[in-house]
Protein chains: 2
Amino acid sequence: MVDDQLSLTFTALADPTRRAILARLADGDATVNELAEPFDMSLQAISKHLKVLERAGLITRGRDAQWRPCRLETAPLDDATDWIEQYRNIARDRLDRLDQEIQKIQRTRKGNDHE
Amino acid sequence: MVDDQLSLTFTALADPTRRAILARLADGDATVNELAEPFDMSLQAISKHLKVLERAGLITRGRDAQWRPCRLETAPLDDATDWIEQYRNIARDRLDRLDQEIQKIQRTRKGNDHE
DNA sequence: CGCATACTCAACCTAGTAGTTAATCAACTA
DNA sequence: TAGTTGATTAACTACTAGGTTGAGTATGCG
C-alpha cells in the first residue's frame, strides 16, 4: 500500500462507510458500538474501518473503561483541501489567461474589420 | 469497487502517480506519452491510471490524429472540497461551542471564588 | 503499401482490501 | 470469582488495484 500522508487520507475518504463514520464524528465523539449501529455490517468490519481512519490521522481514540471513544481530527482534512485547492487554482488561473488571450484576439480582429 | 462519484474522486486522488499526473495537467493539456515520461513505469500502467482519472471525471480526453490529449476537469475537485469543508466546519463549530462552554464555566467559577 | 508512432486491450501476477466468523483480551458488575 | 459488555485479533474468502509483457488498433508518412 502507498503510505504517504496524502495517499492515506484520500484512501480513507474513498469509502462511503468511512465517510459516514467521519460525518457522525463531526457531531461529537462516539464509541465503536455507537458508530457501528447504523450499518448493516459486523462490529469487526467497523473496527477495521476505524483502523484505516486512525492510520490516516483522521481520528484519535481514547480509553474510558471498556469503551474506546473516537474523536475526529481535522488536520489531515486541511492538508487534503490544501492539495486540491492548489491545483484547482492553477487550472483556473490558466483558463482565465486563456480567456483573456481569446478576448485580445477578438478585439484585434474587430479592429481590422473596418474595410 | 465502490462507484459513487465522491468515492471515485477520492480513490483517484489516493495514488501519488495520479496526483502527479493531475499536477502536470494543471499546467496545461498533455498527451499520454508526455504524461508518462517522468515515471519509471510502462506506458500501459499510465494508461490505466488515466482511465481511473477519466472514470472519476477528473480528466477528459480528446483525439488529435494518433494523440489522445488529456485535459484536467475541476468539477469533481469542487465536490470533494465541498464534502471535506462541510464536516471540517461542523467539527470546528462544535469545538468553538465547547470552548465557549468552558469559558462560561470558568467565569462562573471565578464569580464563586470570592469567599 | 509498408512502416513508425501513439496508444489501448488482454492476460497474467502479486499484494492489498473489505467482509465474514471464531477466539481472545480488557474492564466493569453481581 | 464468574459472567457480561465492549472491542480487538486472527484466520479465512472473494474481489480489486497496480504493475508487468505481448499483441492489436489507429493514424500519419515515405
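Not measured: the values here are computed from a predicted model. By convention in this document, chain letters (A, B, ...) are assigned in the order of the sequence lines, proteins followed by strands, and residues within each chain are numbered from 1. Keep in mind that the numbers below use all heavy atoms, side chains included, and drop hydrogens, waters and symmetry copies.
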K51(B) side-chain proximity, nearest of dT8(D), dC7(C), dC9(C): dC9(C)
Contact letters for nucleotides 24-30 of chain D, in which S counts primed atoms plus P, OP1 and OP2 and B counts the base, heavy atoms under 4.0 Å: --SBS--
Distance in angstrom units between L8(A) CG and dT17(C) C1', rounded: 14 Å
Value in whole Å for how far the P atom of dA15(C) lies from CG of D15(B): 18 Å
Side-chain-base donor-acceptor pair under 3.5 Å for Q44(B) and dG22(D): yes
Whole-Å gap separating P (dA7(D)) and CD1 (I21(A)): 13 Å
R24(A) side chain to L35(A) backbone, donor-acceptor under 3.5 Å: no
Side chain proximity check, D79(B) to T9(B), heavy atoms < 4.5 angstrom: no
Of S42(A) and V2(A), the one whose closest DNA chain C nucleotide lies more 5': V2(A)
Check ion pair E54(B)-K51(B) (N to O, under 4.0 angstrom): no
Atom pair distance, as rounded to whole Å: CG in L50(B) and P in dC9(C): 12 Å
Length of the CG-C1' vector between D40(B) and dG18(D), whole Å: 14 Å
For the student: nearest non-hydrogen atoms of L25(B) and A30(B), plus distance: CD2-N, 3.8 Å
Shortest side-chain distance from S47(A), nucleotide among dT8(C), dG19(D), dT8(D): dT8(D)
Closest listed nucleotide, where the reference is the side chain of K48(B) and the choices are dT8(D), dG18(D), dA11(D): dG18(D)
Among dG19(C), dA6(C), dG18(D), the one nearest H49(A) by side-chain distance: dG19(C)
dT5(C) OP1/OP2 closer than 4.0 Å to side-chain N/O of N33(B): no
Comparing V32(B) and R55(A) on DNA chain C - which has the more 5′ nearest nucleotide: V32(B)
Interatomic distance where CG belongs to L53(A) and P belongs to dT8(D) [whole Å]: 12 Å
Closest to side chain of R18(B), choosing from dC7(C), dA7(D), dG18(D): dG18(D)
Sugar-phosphate only, base, or nothing, as touched by T31(B) at under 4.0 Å among non-hydrogen atoms: sugar-phosphate
Nearest to side-chain heavy atoms of R68(A), which nucleotide of dA17(D), dG19(D), dT8(D): dT8(D)
F10(B) and F10(A) aromatic ring geometry - parallel, tilted or perpendicular at 30°/60° bounds: parallel
L58(A), D29(A), I59(A) screened by side chain to side chain contact (heavy atoms under 4.5 Å, CB included) with R71(A), the one that passes: D29(A)
Rounded distance (Å) that lies between atom P of dA15(C) and atom CG of D3(A): 16 Å
Short side-chain to backbone donor-acceptor contact, T74(B) and L77(B), under 3.5 Å: no
Side-chain heavy-atom pair R63(A), R68(A) within 4.5 angstrom cut-off: yes
Length of the CZ-C1' vector between F39(B) and dG18(D), whole Å: 14 Å
